[in-house]
Amino acid sequence: MRVAAIRPVSSAPVLAALALLLLLLVGSASLATGAMAGHVLGGKTDSPAAANSLETDGIARFAVDEHNKRENALLEFVRVVEAKEQVVAGTVHHLTLEALEAGRKKIYEAKVWVKPWLNFKELQEFVHTGDATSFTTSDLGAKKGDHEPGWRDVPVHDPVVKDAADHAVKTIQQRSNSLFPYELLEIIHAKAEVVEDFAKFDILLKLKRGTKEEKMKAEVHKNLEGTFVLSQMQPEHDESSSQ
């Protein structure tokens, strides 16, 4: 009687499957580690709507409370000035917020990592970036003599400066015949002056229109009612490019 020869079973497919599984496990671990270390796994995107949402307010308040606990501070949350989101293993919220410290308004940059499905929330960064300018709606009701005369530098991340810049960009777009909308990339520099019953803001903006980037200088006025008016605007040319 002839006995059929037994062919050895190739282990190649099994080894390949195990190798693939190992790669997936290592990749997942690296992803989690990268996120935990704060590595950028996705680009930041502006979220104007989120800046005014209750959810973002809650995250900002959490950031202030956590900072107070860690530093034994007494900051009081005022409002969110700007919000950006970055998708990682969850979402990292990059917030510019305004808070009161001993009665003075100050601007802070906070970074909060949130994973809603795990009910996880962690303050990763909280940095003071400057004092808020005194040119608020209520301050504009003060007498001119309450402010030093003449132009003075103000923080570019101040809420009032940001509102003035947004109004300038919106008005520039309305006056433009371009098919591409203007996008505010950066407030490069800002000055302000109180005269009679309104404040003047002199702002240097970096804008993007389509694929083209350009600088624009704008003067924006804000009256006692809080209304912004674009007084004048003109392109700003770098000295190096004009030579």
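Side-chain atoms are counted along with the backbone in the values below, which use heavy atoms only and exclude waters and symmetry mates.
- Considering Leu205, Asp153, Val154 in turn, Asp153 is the only one that fulfils the side chain to side chain contact (heavy atoms under 4.5 Å, CB included) rule with His189.
- Cation-pi contact between Lys222 and Phe198: absent, since separation from the ring centre below 6.0 Å together with deviation from the ring axis within 45° is not met.
- Taking every heavy atom of both residues into account, Val161 and Ala190 meet most closely at CG1-CB, 3.7 Å.
- Residues Glu236 and Leu204 form a side-chain contact, since some pair of their non-hydrogen atoms from C-beta on lies under 4.5 Å apart.
- Two residues are said to be in side-chain contact when any heavy atoms from C-beta on lie closer than 4.5 Å; Leu97 and Phe126 meet this criterion.
- Residues Val92 and Val112 form no side-chain contact, since every pair of their non-hydrogen atoms from C-beta on lies 4.5 Å or further apart.
- Within the 4.5 Å cutoff, no side-chain heavy atoms of Ile188 are placed close to those of Val156.
- Within the 4.5 Å cutoff, the side chain of Phe62 has no heavy atoms near those of the His67 side chain.
- The pair Glu101-Arg104 does not count as a salt bridge, with every side-chain nitrogen at least 4.0 angstrom from each carboxylate oxygen.
- Taking the charged nitrogens against the carboxylate oxygens, Lys208 and Glu213 have no contact shorter than 4.0 Å, which rules out a salt bridge.
- At a threshold of 4.0 Å, the pair Glu183-Arg209 does not count as salt-bridged, since none of the basic side-chain nitrogens sits closer than that to a carboxylate oxygen.
- A heavy-atom distance below 4.5 Å is not found between the side chains of His94 and Glu85.
- Counting all heavy atoms, side chain and backbone alike, Pro235 lies closest to Met216 at N-SD, 3.6 Å.
- Residue pairs meeting the salt bridge (Lys or Arg N to Asp or Glu O under 4.0 Å) criterion with at least one partner in residues 163-181, sequence neighbours excluded, are Lys162-Asp166.
- The closest side-chain heavy-atom distance from Val114 to His93 is below 4.5 Å.
- Using a 4.5 Å heavy-atom threshold, the side chains of Trp113 and Leu123 count as separate.
- Counted by atom type alone, Thr96 and Glu109 present one or more donor-acceptor pairs between their side chains at under 3.5 Å.
- The heavy-atom pair separating Thr129 from Tyr108 by the smallest distance is OG1-N, 4.2 Å.
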